[in-house]
Amino acid sequence: MDSDLIQTENLCRFYKHGSEEIHAVNNVNLKIKNGEFLGIVGASGSGKSTILNLLAGLDSPTSGHITYNGKGLSSLSRTELAAYRADKVGMIFQSFNLIAHQTALQNVELALYFGDIPANQRKTIASEMLEKIGLGNRMDHKPGSLSGGEQQRVAIARALVKKPEILFADEPTGNLDQENSQLISELLAEQNKQGLTILLATHDMNMANKFTHRIVRMNYGKMENAHFSINGRNE
Ligand SMILES: Nc1ncnc2c1ncn2[C@@H]1O[C@H](COP(=O)(O)OP(=O)(O)OP(=O)(O)O)[C@@H](O)[C@H]1O
Ligand SMILES: [Mg+2]
């Protein structure tokens, strides 16, 4: 866990809103080590989702830089950036972003569509992932006939099934009961042990303390000093 996988330099994302300028992410310098499980906490509106979207290559900074494995995201061509999002990054959105007219299974399978996995294996891999998160009996349901927590678990399966290098998880347990919350947290910890780097935005301090190595706090777009969580390793 020595090399930096992600590094930001004076990262800013400002929004214009009427005559006001909102400093959603303001001059953030962050390093995420390869294999790290990093928690990001902070009040609602403090900039957590904004920074996740920037790092995932889904949004562009107003100023500043992001490097992934030493390469600047802003220097990537459109194709390279699309490949970064498709192959390296897994994203669990706060709002799920599932495709409404497709079943749970199809939603997860779709994540494998752009990778190297042969078409005849996609369904098996996707259904195994859904079984793993306890949705084996809901595979043919469309999002509209799934509960909020079930939709969230489909979104988690979709993010993990393609085996990304880094997972950006935006409140992945926000809609889950305690039992499922525990199940998902353990699943993330297990994936992290197998090498997946994770950036987890959460309001759940218990989860952050228990499962991450390190926690940073956002406050009005600024990132405050990190502290080690209970689970933090002294490496
Ligand atoms: N498209 C936009 N236009 C203008 N302001 C925006 C836009 N998107 C986000 N913001 C503002 O940027 C700030 C940061 O938003 P963000 O979604 O990153 O917060 P958050 O920390 O994820 O909050 P939560 O915990 O509620 O999910 C908020 O004040 C929000 O209102
Ligand atoms: Mg958010």
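As the structure lists them, so they are numbered: ligands from 1, and atoms in each ligand from 1.
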Would you give me the side-chain donor-acceptor pairs under 3.5 Å for residues 197-207, sequence neighbours excluded?
| from | atom 1 | to | atom 2 | distance (Å) |
| --- | --- | --- | --- | --- |
| Thr197 | OG1 | Gly35 | N | 2.8 |
| Thr202 | OG1 | Asp204 | N | 2.8 |
| His203 | ND1 | Glu171 | OE2 | 2.6 |
| Asp204 | OD1 | Asn206 | N | 3.1 |
| Asp204 | OD1 | Met207 | N | 3.0 |

Of the options Asn26, Asp59, Asn53, which is the one that meets Arg13 in a side-chain hydrogen bond (donor to acceptor under 3.5 Å, both in side chains)?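 When Asn26, Asp59, Asn53 are each tested with Arg13, the side-chain hydrogen bond (donor to acceptor under 3.5 Å, both in side chains) holds only for Asp59.
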
Has Asn137 got more than 12 heavy atoms of other residues, nucleotides or ligands less than 6.0 Å from its CG?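 Check passes, neighbour count above 12.
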
What do you reckon, is CD of Gln194 surrounded by more than 12 foreign heavy atoms closer than 6.0 Å?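 Correct, the count exceeds 12.
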
Answer yes or no: is there a donor N or O on one side and an acceptor on the other, between the side chain of Thr103 and the main chain of Lys142, under 3.5 Å?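 The answer is no, because no donor-acceptor pair under 3.5 Å joins these two groups.
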
Could you tell me the separation between the CG atom of Leu73 and the CG atom of Leu55, rounded to the nearest 0.5 Å?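 Leu73 CG to Leu55 CG: 8.0 Å, rounded to 0.5 Å.
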
Anything under 30° is parallel, anything over 60° is perpendicular, the rest tilted; go ahead and classify Tyr68 against Tyr84.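 The rings of Tyr68 and Tyr84 stand perpendicular, inter-plane angle above 60°.
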
By side chain to side chain donor-acceptor pair (under 3.5 Å), which residues pair with Gln191, not counting sequence neighbours?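 Scan of Gln191 (side chain to side chain donor-acceptor pair (under 3.5 Å), adjacent residues dropped) gives none.
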
Please list, in chain and residue-number order, the protein N/O/S atoms closer than 2.8 Å to the Mg ion (ligand 2).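 Per the 2.8 Å query on the Mg ion (ligand 2), atoms found are Ser49 OG, Gln94 OE1.
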
Ligand 1: protein residues within heavy-atom distance under 4.0 Å: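 The 4.0 Å shell around ligand 1 contains Tyr15, Ile22, Ala24, Ala43, Ser44, Gly45, Ser46, Gly47, Lys48, Ser49, Thr50, Gln94, His203.
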
Is any side-chain heavy atom of Leu38 less than 4.5 Å from a side-chain heavy atom of Leu30?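 The answer is yes, as the side chains (C-beta and beyond) meet within the 4.5 Å cut-off.
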
